[in-house]
Each structure stands twice: as structure tokens, then as C-alpha cells.
Amino acid sequence: MSEPQYAGFWLRFGATLIDSVVFGVVLMVPLALIYGESYWVDETLVHGFWDVLLSYVVPFIATLWFWRRFLGTPGKMLLRLRVVDARTGEPLPLGQCILRYVGYFVSALPLCLGFLWVAFDARKQGWHDKIAGSVVIVEPREPVRFAGRE
């Protein structure tokens, strides 16, 4: 067994770009069809029910579902990355997924420093990972040994 290979900043950034395109196409196209051009040029913060549903609720539920079902969002899956529990290497339970998602806001608020932290951390954890007790690893080619597991 080998130690896990933690996914670094640029690999995770690439996964985020892929996710942005996927979620953008899947969610923004319907919003443009529903609200028309005004959706993009109007200064209104929230345009209505469909805006809240497709901009906030669906991404939240979809992200949690991808983490639970596939151990990563589409971008992470394409780049062979897995979001797992930092201690055990097991899939994240739902509560830990929710904590990680909420941690994204903590990571983003101070100039995205919580995301940049990945570049400097020994286990490549962002603040959201530290909050949730998760790590992002490169999909192993052989079994991985996590600290605390014999």
C-alpha cells in the first residue's frame, strides 16, 4: 500500500473550471430561456423562483449528490480526483459534505485565501477541507494507506 497522493492547487483549479462550464451550461441556459436577455443585464439580485432554484438550490444538491455518489463533481471525476474523509479515506457522509460546502464560503470570503491555501498545505487541504475533515486525492492505482487505519 502507498500513501495517498493529494491533489494540488492547479489540478483542483482545473477541475473547478470544468465544473464551472458544466454547471454553467446546464443551469444558465435554462435561466436565459426563462428570463430572457434581462437576466444578464438587469441589476436585480434575484429574478424569481427559477433563479433561486437553478442558481442556488440545484448546485447545492447536485454537488452534494456528486460527492456522495461519485466522490467528486464532474471536473474532479474527469481529472481522476476523489473527495474523501481525511482520516479514513472513506466517502464523506452527508453531514460532512454539507460542512464542506458551507466551508466553501469561508474559503472564498477573505479574497479566496482558503482556496489558495491548497498550494501551501502539506496535505493540499483548503480551509473548506480542514473544516470538513476532507482531502482531495488523485485516484490511486493501488490501495492507499491512511494514517489511523491499519
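Quick caveat: nothing in here was measured; it's all calculated off a predicted structure.
A distance-only check finds no donor-acceptor pair linking the side chain of Arg87 to the backbone of Gly133 [under 3.5 Å]. No side-chain donor-acceptor contact under 3.5 Å links Asp85 to the backbone of Pro91. Judged purely by atom type and a 3.5 angstrom limit, Thr44 has no side-chain atom pairing as donor or acceptor with the backbone of Val46. No side-chain donor-acceptor contact under 3.5 Å links Gln5 to the backbone of Ile137. Listed for the Glu139 side chain is no donor-acceptor partner under 3.5 Å among the backbone atoms of Leu81.
Residues Asp51 and Ile34 have side chains not in contact (no heavy-atom distance under 4.5 Å, counting atoms from C-beta outward). Residues Ser134 and Val84 have side chains not in contact (no heavy-atom distance under 4.5 Å, counting atoms from C-beta outward). Residues Trp65 and Phe70 meet the side-chain proximity criterion, which asks for heavy atoms closer than 4.5 Å. Between Leu94 and Leu64 there is a side-chain heavy-atom pair separated by less than 4.5 Å.
For an aromatic pair to be called close, the ring centres must be under 6.0 Å apart, and Tyr101 with His128 fails this. For Trp127 and Phe115, the ring centers are positioned 6.0 Å apart or more.
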Kindly indicate, with the supporting measurements, whether the criterion side chain to side chain contact (heavy atoms under 4.5 Å, CB included) is fulfilled by Arg12 and Val118. CA-CA 9 Å; Arg12 291 173 68 169; Val118 171; 3.7 Å; yes

When you look at Arg82 and Trp67, which way does the side chain to side chain contact (heavy atoms under 4.5 Å, CB included) test go after all the steps? CA-CA 8 Å; Arg82 291 182 178 175; Trp67 285 343; over 6 Å; no

Intermediate values then yes/no, side chain to side chain contact (heavy atoms under 4.5 Å, CB included), Leu71 and Phe66: CA-CA 6 Å; Leu71 305 181; Phe66 275 111; over 6 Å; no

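Taking Asp121 as the reference, Lys130 meet the salt bridge (Lys or Arg N to Asp or Glu O under 4.0 Å) condition, with sequence neighbours excluded. Residues passing the ring-ring contact (aromatic ring centres under 6.0 Å, His included) test with Tyr35, sequence neighbours excluded: Tyr39, His47.
No more than 12 heavy atoms of other residues, nucleotides or ligands lie within 6.0 Å of CH2 in Trp50, so this atom counts as exposed by the packing criterion.
The nearest pair of heavy atoms linking Gly103 to Ile131 is CA-CD1, 4.1 Å.
Residue Tyr6 forms a side-chain contact (heavy atoms from CB on, under 4.5 Å) with just one option from Leu11, Val136, Val135, Val138, and that option is Val135.
Evaluation of the salt bridge (charged side-chain N to carboxylate O under 4.0 Å, His left out) test over residues 93-118, restricted to residues two or more places apart or in two chains, returns Arg100-Asp129.
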